[in-house]
Structures are given as C-alpha cells and as structure tokens.
Amino acid sequence: MPGSEWGTASEQRFNVNLSILFTELPLLERPAAAAAAGFTAVELWWPWVDSPTPERSELDALRKAIEGAGVQLTGLNFYAGQLPGPDRGALSIPGAESERFRANIDVVADFARSVNCKALNALYGNRVEGVDPAEQDALALENLVLAARAADRIGAILLIETLNRPESPLYPLVSAPAGVAVVDRVNEATGLGNARFLMDLYHLSMNGEDLPSVIERYAAKTGHVQIADNPGRGAPGTGTLPLEELLGGLRKAGYEGWVGLEYKPGERPSAEAFDWLPAEARAAR
C-alpha cells in the first residue's frame, strides 16, 4: 500500500510491538531499532516466557534499553505462558499458572511505573480439559480484579483482549461482545472503571465480525487498538482489510488512543516492513 494512501495517518498515534516486529534482533536492541525506523513508542508482550519474576538485573537492562532509545513503552502484557507458542494467558488456569500470574502482577506494575507505561494487557488463558469453565471464569475474575487494582495503583488501565477462534480454538474470548462482557464484569467488581477492551482488528476480522459495527458499539470502551492485515497477519496493504478506513471510523467514534502495529514483517527485515506508513507519520504526536 503506497504511503500516500495514509495521508491522514498523522492523526493516529502508532506504536510498534517489539514482540512480533524486530524479533530478528535481541530484545535489548529492539527499542533502538524501532527508534531508528522513526517510531517513538513501543509495546511488548511479557518478554520472559519462562519466568513471571525475572532477576532485577534483567528488568533494569530492559528499562535502560527503552530509555536509552528514547522511546515510550505504551503497553506491556502480564505473564501469559509460552507466547508465542501454545499458551494464550495464565490467569484463568488453576494451579501453577494462576500462581505465576499472581506473582507477576506487582512485577509488571512496578516495571510499568518505572518507565511510565499506562496500559497493561492480561490475556485470559485457554480452556483446560476436565476443568469446569465456570470455575475458570471465577478464577479469571479474581485475578483480573487483582490486576486492575495493581494497574490503578500506578495510574494505568487494564486491557482485556479478544483473540480469534481459528488460531486460538481453546481461548474463550473470541468475539468483541465476549471481551467487553469481561471488561464490564471486572469494572463492576472493582468499582475502579479502569478495565478496557483491547480491540485487535486482525483477530476480530478472523472471527468474521462486522468491524464497523464493532467500532461503533465498543469504541467508548476501548483502551487500545492493534492492527495487522488479513489474510496473513502482515503489514497494512498485504491483505484485504480496509485498515485506513477502519481507523478513520475509530477516530470518528472518539478513539484517540494508541494503535499498535502487531503484524509479521514477512520475509524481510522488520525495518523494511513500514513502507506503507510515511516516515513523518511514525513519530507520535
């Protein structure tokens, strides 16, 4: 997609997801690579898939890499198991995974506070064979309440994300209404009002949802947006999603938050995967 088609892109605030882009580089080199590509904001899945409680030295090194690159971390996931991989979160899975999520909550909140990150994403977790879904949902609500309170302590929002059924068949939140319903339950339980919907247009399109209708209905409850084209989860212009039009609809609906670039670069270096976006539109305004 030629950059000229994104003439109004400067009205958006884009950030780069460093857990799917620039992954050809070591973690600590990715913030500077995003900055070199012209971006001033980044987001991350939980980087230490094997540990919800990494050594302080590892956290400090990541903080220094972010600060040294001069980029803002605008979003961070809580511990979510093996991601990318077979897992889709930990907070609704009884036993050790739920405990890992709880151990991670304050680690994430403290790190987010240290870099002024204001959005924390909590992936719900897959259904577990032999476990009553109602038991998982009750555990999920308990853990999401803890996460919402931790986010509130640092002035952040808690994000709850819908994924897609073809790629995540065991994940229960595979529609916008299902994700928003959990947001509403968390806000009702805490009274804080800081749980928000993470609207990932790629996942919603994979579910076959009516995206203009989703935007119209749920923009007011949305705390973050992520994009990739469909099919393929590539850069805008590699598939058939009218992403510029959809983002325009979000703006008209009053959404003024970040738009996370959470797509695969394809068979090329990540630095070459932004040709759809004019250089002057990459730095956040």
Side-chain angles (χ1 to χ4, degrees), residues 16-31 42-55 57-59 61-62 65 73 75-109 111-112 117 119-131 133 135-137 139-140 142-144 146-147 150 158-174 178-179 182 198 200 202-203 206-207 224 226 228 232-234 260-266 270:
V16 177
N17 189 304
L18 298 181
S19 298
I20 194 169
L21 286 153
F22 295 109
T23 57
E24 64 269 32
L25 299 173
L27 174 65
L28 298 184
E29 294 178 20
R30 295 177 206 169
V42 298
E43 64 183 31
L44 277 167
W45 303 341
W46 181 246
W48 298 279
V49 295
D50 295 321
S51 176
T53 54
E55 295 292 330
S57 60
E58 293 186 85
L59 293 159
L62 178 58
L73 184 70
L76 178 64
N77 283 22
F78 289 99
Y79 169 80
Q82 296 289 324
L83 184 75
D87 299 329
R88 297 292 186 273
L91 62 89
S92 68
I93 298 175
E97 280 295 84
S98 171
E99 292 305 315
R100 289 190 189 102
F101 178 83
R102 291 189 184 192
N104 178 244
I105 290 173
D106 284 338
V107 177
V108 166
F111 181 80
C117 173
L120 307 178
N121 184 26
L123 284 169
Y124 201 81
N126 288 329
R127 290 305 194 202
V128 179
E129 188 176 352
V131 178
E135 179 188 337
Q136 283 197 256
D137 290 340
L139 177 63
E142 285 180 31
N143 283 335
L144 286 167
L146 294 174
L158 173 71
L159 296 170
I160 294 164
E161 183 174 7
T162 291
L163 301 183
N164 74 76
R165 192 181 301 278
E167 293 174 325
S168 303
L170 299 178
Y171 191 83
L173 307 185
V174 286
V182 173
L198 196 167
D200 186 309
Y202 167 74
H203 288 311
M206 284 285 287
N207 288 328
H224 187 47
Q226 290 173 332
R233 201 174 184 176
L261 306 182
E262 194 185 57
Y263 59 78
K264 299 174 182 177
S270 295

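Heavy atoms only: backbone and side chains are in, while hydrogens, waters and symmetry mates are out.
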Pair Leu123-Leu163, side chain to side chain contact (heavy atoms under 4.5 Å, CB included): steps then yes or no: CA-CA 9 Å; Leu123 284 169; Leu163 301 183; 4.3 Å; yes
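- Considering CD of Glu161 and CG of Asn121, their distance stands at 5.0 Å, rounded to 0.5 Å.
- Proximity of a side-chain donor or acceptor of Asp87 to a complementary backbone N or O of Gln82 within less than 3.5 Å is detected.
- Taking each heavy atom of Leu76 and Cys117 in turn, the nearest pair found is N-SG, 3.9 Å.
- The CG atom of Leu62 sits 6.5 Å away from atom CG of Leu28, with the distance rounded to the nearest 0.5 Å.
- The two atoms that bring Leu173 and Ala178 nearest to each other are CD2-O, 3.9 Å, heavy atoms only.
- Between the OH atom of Tyr263 and the CD1 atom of Ile20 there is a distance of 10.0 Å, given to the nearest 0.5 Å.
- Across every non-hydrogen atom of Ser19 and Leu44, the tightest pair is OG-CD2, 3.6 Å.
- A distance of 9.0 Å separates CG in Asp200 from OG1 in Thr162, rounded to the nearest 0.5 Å.
- Every residue meeting the side-chain contact (heavy atoms from CB on, under 4.5 Å) condition with Thr23, not counting sequence neighbours, appears here in chain and number order: Arg30.
- One finds the NE2 atom of His203 at 7.0 Å from the CD atom of Glu167 (value rounded to the nearest 0.5 Å).
- Tyr171 and Tyr124 have perpendicular rings, their planes meeting at more than 60° on a 0 to 90° scale where under 30° would count as parallel.
- Nearest heavy-atom pair across Asn143 and Leu91 is ND2-O, 2.8 Å.
- In this structure, the side chain of Gln136 engages the main chain of Ser92 through a donor-acceptor pair within 3.5 Å.
- The nearest pair of heavy atoms linking Ala150 to Ile105 is CB-CG2, 3.4 Å.
- In this structure, the side chain of Asn17 does not engage the main chain of Glu262 through any donor-acceptor pair within 3.5 Å.
- Under the salt bridge (charged side-chain N to carboxylate O under 4.0 Å, His left out) criterion, the residue pairs touching residues 88-104 are Glu97-Arg100, Arg102-Glu142, with sequence neighbours excluded.
- Nearest heavy atom pair, residue Leu144 against residue Ala122, reads CD2-CB, 3.7 Å.
- When only modelled atom types and interatomic distance are considered, Asn207 and Asn164 share no side-chain donor-acceptor pair under 3.5 Å.
- Atom CG of Leu261 is separated from atom CG of Leu18 by 10.5 Å, given to the nearest 0.5 angstrom.
- In this structure, Phe78 has its ring center under 6.0 Å from that of Phe101.
- Side chain of Ser270 to backbone of Phe22: a donor-acceptor contact under 3.5 angstrom is found.
- Not counting sequence neighbours, the partners of Pro54 by the side-chain contact (heavy atoms from CB on, under 4.5 Å) test are Trp46, Trp48, Ser51, Glu58, Leu59, Val107.
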